[in-house]
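One structure below.
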Amino acid sequence: MCRVAELTKERLRRAAAKIKADSSMFTGDTGFRVFKLDHSNIRAWNPNPADLEASLFDHQDHLLEGRSEADVLYELLLKLGLDLCVPIEKRSIEGLDVHAVGGGVLLACRSFACVSSDGRIGF
């Protein structure tokens, strides 16, 4: 266990409690997110040049098992260089779960139903 991380989380909790206790009119959010560095959620692309067709079919399911939508979403946000502190809401659009990042500036959907038969993204 990382002692520095645990100390930091406790200091944030105490500071939030103090803000709420000292400012009765404060109604803001004092929550925080904690991220832990882990291996990628996406399988590495290592094609077999002798059998590229089989490699393509093997890589159709390119996300590792047991990873949540949130795991994949945050990894993609990091890879895009986006701020992890922006609000992320889960919305339902046409019956599909869609993550709206930054008030809808970026929409993310892991369902194949978000892609039309001609390959365009849409609902």
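- Rounded to the nearest 0.5 Å, atoms CZ (Arg13) and OG1 (Thr8) are 10.5 Å apart.
- The two residues Leu73 and Ala108 make their nearest non-hydrogen contact at CD1-CB, 3.7 Å.
- Taking the charged nitrogens against the carboxylate oxygens, Arg3 and Glu6 have no contact shorter than 4.0 Å, which rules out a salt bridge.
- For Ser68 and Asp71, the side-chain atoms include at least one donor-acceptor pair closer than 3.5 Å.
- In the hydrophobic clustering of ILVMFWY residues, with side-chain heavy atoms under 4.5 Å counting as a link, Leu82 and Ile88 come out together.
- Partners of Arg11 according to the salt bridge (charged side-chain N to carboxylate O under 4.0 Å, His left out) rule, which considers only residues two or more places apart in sequence or in another chain, do not exist here.
- Taking hydrophobic clusters as Ile, Leu, Val, Met, Phe, Trp and Tyr residues chained together by side-chain heavy-atom distances below 4.5 Å, Phe35 shares a cluster with Leu78.
- Distance check, rounded to the nearest 0.5 Å: CG of Leu63 to CD of Glu69 gives 10.0 Å.
- Smallest separation of non-hydrogen atoms from Ser40 and Leu64: O-CD1, 3.1 Å.
- Side-chain contact between Leu77 and His99 is absent, with no heavy-atom pair separated by less than 4.5 Å.
- Residues Ala54 and Asp51 approach most closely at CB-OD2, 3.1 Å, considering heavy atoms.
- With hydrophobic clusters built from ILVMFWY side chains whose heavy atoms lie under 4.5 angstrom apart, Val86 shares a cluster with Tyr74.
- In this structure, Ser55 and Asn48 approach most closely via the heavy-atom pair OG-N, 2.8 Å.
- Considering only residues two or more places apart in sequence or on other chains, Lys79 meets the salt bridge (charged side-chain N to carboxylate O under 4.0 Å, His left out) condition with Glu75.
- Val101 and Leu84 fall within a single hydrophobic cluster, where Ile, Leu, Val, Met, Phe, Trp and Tyr side chains are chained together by heavy-atom contacts under 4.5 Å.
- Rounding to the nearest 0.5 Å gives a distance of 12.0 Å between CG of Leu52 and NE2 of His59.
- For Phe57, the CZ atom is loosely surrounded, since the number of other residues' heavy atoms within 6.0 Å does not exceed 12.
- The stretch residues 17-34 participates, sequence neighbours left out, in these salt bridge (charged side-chain N to carboxylate O under 4.0 Å, His left out) pairs: Lys18-Asp22.
- Heavy atoms of other residues, nucleotides or ligands lying less than 6.0 angstrom from CD of Glu10 number more than 12.
- The two residues Asp58 and Arg43 come nearest to each other via the heavy atoms O-NH2, 2.5 Å.
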